[in-house]
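Down below is the structure, laid out as structure tokens.
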Amino acid sequence: MVHQESLSSPYIPGLLSFRGAPALLHAFEKVRHDPDVVFIDGHGLSHPRSAGIACHIGLCLNKPTIGCAKSLLIGRHRVPGPSRGSYTSLYDANNHVIGAVVRTRDRVKPVFVSVGHRIGLAQAVQLTLACGKGYRIPEPTRQADRWAEQSKREAIGIK
DNA sequence: GCGACAG
DNA sequence: ATCTTGTCGC
């Protein structure tokens, strides 16, 4: 299942929800099954106002969500070990843990995992690792990206 | 004031 | 996000 929608709002760091959440929620209206947890391509708690798009979507859907971003938005952290499975904590300015830096592939740039809604950080990290083996991005997000990219081209014209 | 800044 | 060259490992 794919959902296509043109976005108008611009992308502004810290305000990703304003740009993508509406379309994301519209897409979920088409989903017929009831997932136990949802991976969001972006941060959750590890956000300037502790309210990234993963928290936003989780609240709207009243469903567990995991924020799994490909790059850092805020916070400090130690570089996790080089092997898959190792991870370190992400801290805010007050040394509070706001997420985890997880190595999902050996020697590959880690992903930034944080709580979205109705889930703990430890479980979010475990699920992130459990949902992938050979790729940096967890399978749910990876597949979603592939479907979206393919759908987008067909809509524009197979060039 | 300067640098950083999810997708 | 999108574009894009050469390089590397299974």
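Per chain, numbering begins at 1; letters A, B, ... match sequence-line order. No experiment lies behind these values; they were computed from the predicted model shown.
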(request) Assess the side chains of Ser17(A) and His56(A): does a donor N or O sit below 3.5 Å from an acceptor N or O? (result) yes
(request) Can you sort out the partners of Glu5(A) under salt bridge (Lys or Arg N to Asp or Glu O under 4.0 Å), two or more places apart, ordered by chain and number? (result) none
(message) Donor-acceptor check, side chain of Arg19(A) to backbone of Ser9(A), threshold 3.5 angstrom: yes or no?
(response) yes
(message) Has Arg136(A) got a side-chain atom pairing as donor or acceptor with Arg105(A)'s backbone, closer than 3.5 angstrom?
(response) no
(request) List the atom of Leu45(A), the atom of Ser114(A), and the distance in Å for their closest heavy-atom pair. (result) N-OG, 3.5 Å
(message) Less than 4.0 angstrom from a charged side-chain N to a carboxylate O is my criterion; do Arg146(A) and Glu149(A) meet it?
(response) no
(request) For the pair His3(A) and His26(A), name the ring-plane relationship: parallel under 30°, tilted 30 to 60°, perpendicular over 60°. (result) perpendicular
(request) Check the surroundings of atom NZ in Lys133(A): do more than 12 heavy atoms from other residues, nucleotides or ligands lie under 6.0 Å from it? (result) no
(request) Heavy atoms only: give me the nearest Asp41(A)-Lys70(A) pair and the separation to one decimal. (result) OD1-NZ, 2.9 Å
(request) Could you tell me whether the side chain of Pro35(A) reaches within less than 4.5 Å of the side chain of Lys63(A), counting heavy atoms only? (result) yes
(message) Can you give me the dot-bracket string for DNA chain B, 5' to 3', counting Watson-Crick and G-U wobble pairs with both distances under 3.5 Å, using [ ] for crossing pairs and | for partners on another strand?
(response) .......
(request) Verify the contact: side-chain N or O of Lys152(A) to OP1 or OP2 of dA1(C), cut-off strictly under 4.0 Å; return yes or no. (result) no
(request) Sorted by first residue and then second, give each side chain to side chain donor-acceptor pair (under 3.5 Å) pair with at least one member in residues 77-102 of chain A; sequence neighbours left out. (result) Arg76(A)-Asn95(A)
(request) Summarise how protein sits on nucleotides 4-10 of chain C as a single string, 5' to 3': B when a protein heavy atom is under 4.0 Å from the base, S for sugar-phosphate-only contact, - for no contact. (result) -------
(message) Across nucleotides 1-7 of chain B, 5' to 3', mark each nucleotide with B, S or - according to how protein heavy atoms within less than 4.0 Å reach it.
(response) ----BBB
(request) List the atom of Ile57(A), the atom of Thr65(A), and the distance in Å for their closest heavy-atom pair. (result) C-CG2, 4.4 Å
(request) Mind checking which stems touch DNA chain C? I mean at least 3 consecutive Watson-Crick or G-U pairs, both distances under 3.5 Å. (result) none
